[in-house]
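Working notes, beginning with the structure itself.
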Protein chains: 2
Amino acid sequence: MAQKVKLSTIADSLGLSTATVSLALRDSPLVAEVTRERIKCAARDLGYIYNRRAASLRTSRSGIVGVCVHDIMNPFFGEILKSVENELDRQRQTFILCNHHDDLAKQRSFVDTLLQLGADGLILSPAIGTPASDIRLPEENDLPVTLIARTVEGSGVLGFRGDDSYGMGLAVDHLVALGHRRIAMIGGTALTSTGRDREAGYLAALERAGIEFRPEWRIEGPRNRHSGFDAAATFLQIDNRPTAAACFSDLVALGFMYGLSRAGLRPGVDIAVTGYDDIDEAAIATPPLCTVSNGQSEVGRRAAEALLARLAGQPAADETILITPELRVRQSSDYNWPD
Amino acid sequence: MAQKVKLSTIADSLGLSTATVSLALRDSPLVAEVTRERIKCAARDLGYIYNRRAASLRTSRSGIVGVCVHDIMNPFFGEILKSVENELDRQRQTFILCNHHDDLAKQRSFVDTLLQLGADGLILSPAIGTPASDIRLPEENDLPVTLIARTVEGSGVLGFRGDDSYGMGLAVDHLVALGHRRIAMIGGTALTSTGRDREAGYLAALERAGIEFRPEWRIEGPRNRHSGFDAAATFLQIDNRPTAAACFSDLVALGFMYGLSRAGLRPGVDIAVTGYDDIDEAAIATPPLCTVSNGQSEVGRRAAEALLARLAGQPAADETILITPELRVRQSSDYNWPD
DNA sequence: CTGAAAGCGCTTACAG
DNA sequence: CTGAAAGCGCTTACAG
């Protein structure tokens, strides 16, 4: 590799100063049109590579936004990430991604890295057990935070998520309307706001329907496809088995349906099943999955917008914005009532 | 937020020089034990945040490794990423992730960003159509590249991937052994090494079995769950319909099986199906998916190891390492032969 | 419209 | 074992 090309290399080659070159490359109107063109040509010819570390050290703006969620492979986050990426791209911000897998230490080390890199902002779905102080730390060090999907009490920052309690209510109301009186809820944990709110929505819907909740109907824990699969075995052993299962997420529901099939039962025929999120796969699954659309692309877009607005100088807000979910009725909630 | 704490803040507070503080924080034996401890305490108390941009500008080492693949949500990459992450974590390297979605412009802009940030290395699954020069550019600018999953002719860098031709042969041989003589191949594209090699493996297996290939058996294109689903409709219209389908990937196979079910056929009973990758979901699917394990965690681990070795000064190698895949027989390849 | 000079916060020879 | 000083490659007032 040749000697490294820097601003001064270009400046020297044209007999200009680095100041002029720097301004020209960033399209400053202070530099004469002709000069600007000559400079840009030279930069291209010399294979100049802009050194962002140097620039960022000087300006204390890095153009980096961190995004940290528990599982980037979950299609639910996929959609959020896609819309976050769209917004950030538009503002020429680089986004760097982290998977914390609900591991607090991992989340902390990522936040540390962002601080060390002088990142401009953080979009975070906080790991289970995140204390408010873990969110105030970056805020106090000039790293603005926007929460998505989950929120943290007392964090004092803006958050965007679906109205989980209302959404779960939609699913359970639907099952009740179809005639079900014994309805289980599969998956989720009280350790996250999502889990708590969806469970609250489930319990409230039972109460609205005048159904008395039975503890064995609530199978806590599963949050991915595999544990949804395992939960089917547990479900099938419930005394006076429920005729319907409202699942914490589509992934859990899809795994749960695999589990039912494995046990020789037909989801949507022998057991009614609902999911949550309306991921792409829901519509093509066997049977098509009845679910609740969670507005994930709106969550992603608005979180990114809000963060960019703060970078542009808007003051911080301490508020949680709830996106209203919608029921998507599909065959998995059908059920053959015994005559 | 208070005034920013930097090395000199600590130095001043203790009446030392920044040189000593810098050395102490990085555990240099040059600094006396006692002094080191005093410095570390002070750093903690003052809430010091290490400025990596400044350090990196000085040392021209950033501690950043870029990882860029076409689809981070594909579970196949999930496993690769997990093992890459493990290796890099161990060396305290930060990894930043990019989804190029097979968009060359996007891939280029990510490589640019890495160059600007002074990244130490890049692990890349090259986008469709990546010219060798796009890989030599970073190499020539001190950004070593290691390829995964796909390779590029003439790129001159180290690559790790499964032996796709051999692996697809395993699947098709298995179908042949079960008695199938009309076998389709669903998905993949000749635009990637993976697609070309798996197709070659399919064709070679047919030839080994003395089966004459018919063009209508080859449904090119699908590379995700949704297009696998759509391909089922196409498949079902093939004249003298095949009794088995070897799919390009597990995602394609799982979508394809959904598509068969939607059309009222039973995958694994009416049509034998195989996948490729052996993702987690394969074992719990309905029916369990017969597939080829692709050694993805080995690919990820070895690619990361190789990159780290280069960062440690080892010379570049121009070689493609093939990991040997293994067949995983499961029920989706069963088939009810008409008596 | 262009240039000379200072400074962002580190690390690294070098000196003592 | 510790300190003074230069320099990484930019950008930004300031001067002309």
Side-chain angles (χ1 to χ4, degrees), chain A residues 2-40 42-43 46-64 112-113 115-120 141-142, chain B residues 2-40 42-43 46-64 112-113 115-120 141-142:
Chain A
Q3 203 48 53
K4 186 165 278 176
V5 178
K6 44 193 174 180
L7 281 190
S8 63
T9 319
I10 303 175
D12 290 351
S13 85
L14 297 173
L16 291 167
S17 73
T18 59
T20 305
V21 174
S22 169
L23 291 169
L25 290 179
R26 283 172 300 133
D27 284 320
S28 161
L30 289 175
V31 179
E33 176 85 39
V34 222
T35 321
R36 217 189 305 163
E37 277 317 310
R38 279 176 58 217
I39 291 175
K40 289 193 167 186
L46 292 166
Y48 172 66
I49 290 171
Y50 179 66
N51 187 325
R52 259 159 87 152
R53 293 169 288 185
S56 152
L57 182 56
R58 181 59 226 252
T59 62
S60 67
R61 263 275 200 154
S62 63
I64 291 176
D112 253 24
T113 301
L115 288 168
Q116 295 179 0
L117 292 173
D120 296 336
N141 286 282
D142 272 344
Chain B
Q3 204 47 53
K4 188 166 279 175
V5 177
K6 43 194 176 180
L7 280 191
S8 63
T9 319
I10 302 176
D12 291 351
S13 85
L14 297 174
L16 292 167
S17 73
T18 59
T20 306
V21 175
S22 169
L23 291 169
L25 290 179
R26 284 171 300 130
D27 284 319
S28 161
L30 288 175
V31 179
E33 176 85 37
V34 222
T35 322
R36 217 187 305 160
E37 277 317 309
R38 278 176 58 217
I39 290 175
K40 290 196 168 186
L46 293 166
Y48 172 66
I49 291 171
Y50 180 66
N51 188 327
R52 258 158 88 151
R53 293 169 289 186
S56 153
L57 182 58
R58 181 59 225 253
T59 61
S60 66
R61 264 275 199 153
S62 64
I64 291 176
D112 254 25
T113 300
L115 288 168
Q116 294 179 2
L117 291 173
D120 296 336
N141 287 282
D142 273 344

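Worth knowing before you read on, the calculation uses all heavy atoms, side chains too, and leaves out hydrogens, waters and symmetry mates.
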Extract, from 5' to 3' on DNA chain D, the first and final nucleotides lying under 4.0 angstrom from some heavy atom of chain B.
->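 Going 5' to 3' along DNA chain D, contacts run D:dC1 to D:dG9.
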Is it the case that the side chain of [X] and the backbone of [Y] share a donor-acceptor pair, with hydrogens and angles ignored and the cut-off at 3.5 Å?
X	Y	result
B:Arg26	B:Ser22	yes
A:Thr59	A:Ala55	yes
B:Asp120	B:Arg61	no

Rounded to the nearest 0.5 Å, how far does [atom2] of [Y] lie from [atom1] of [X]?
X	Y	atom1	atom2	value
B:Asn141	B:Leu115	CG	CG	5.5 Å
A:Leu16	A:Arg38	CG	CZ	5.5 Å
B:Leu117	B:Arg53	CG	CZ	11.0 Å
A:Leu25	A:Ile10	CG	CD1	5.5 Å
A:Leu57	A:Ser62	CG	OG	11.5 Å
B:Asp12	B:Lys6	CG	NZ	9.0 Å

Both distances under 3.5 Å, Watson-Crick or G-U wobble: on that basis, could you give the dot-bracket string for DNA chain C, with [ ] for crossing pairs and | for other-strand partners?
-> |||.||||||||.|||
Under 4.0 Å from any atom of DNA chain D, heavy atoms only: list the residues of [range] that qualify, in numerical order.
range	value
residues 6-17 of chain B	B:Gly15, B:Leu16, B:Ser17
residues 21-40 of chain A	A:Ser22, A:Arg26
residues 47-64 of chain B	B:Leu57, B:Arg58

Basic-acidic side-chain contact under 4.0 Å: A:Lys40, A:Asp27 |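 Yes.
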Between B:Asp112 and A:Arg52, is there a salt bridge with N-O shorter than 4.0 Å?
->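 No, no charged N to carboxylate O under 4.0 Å.
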Excluding sequence neighbours, so at least two apart, what forms side-chain hydrogen bond (donor to acceptor under 3.5 Å, both in side chains) with A:Ser17?
->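 Partners of A:Ser17 by the side-chain hydrogen bond (donor to acceptor under 3.5 Å, both in side chains) criterion, ordered by chain and then number, come out as A:Thr20.
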Side-chain touch A:Ile39/A:Leu14, heavy atoms, less than 4.5 angstrom |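 Result yes, sub-4.5 Å side-chain heavy-atom pair found.
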Nearest non-hydrogen partners of B:Val31 and B:Ala24, listed with the distance |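 Between these two residues, the closest heavy atoms are CG2-N, 3.8 Å.
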Taking all non-hydrogen atoms of both residues into account, name the closest pair between A:Tyr48 and A:Leu7 and its distance.
-> OH-CD2, 3.6 Å
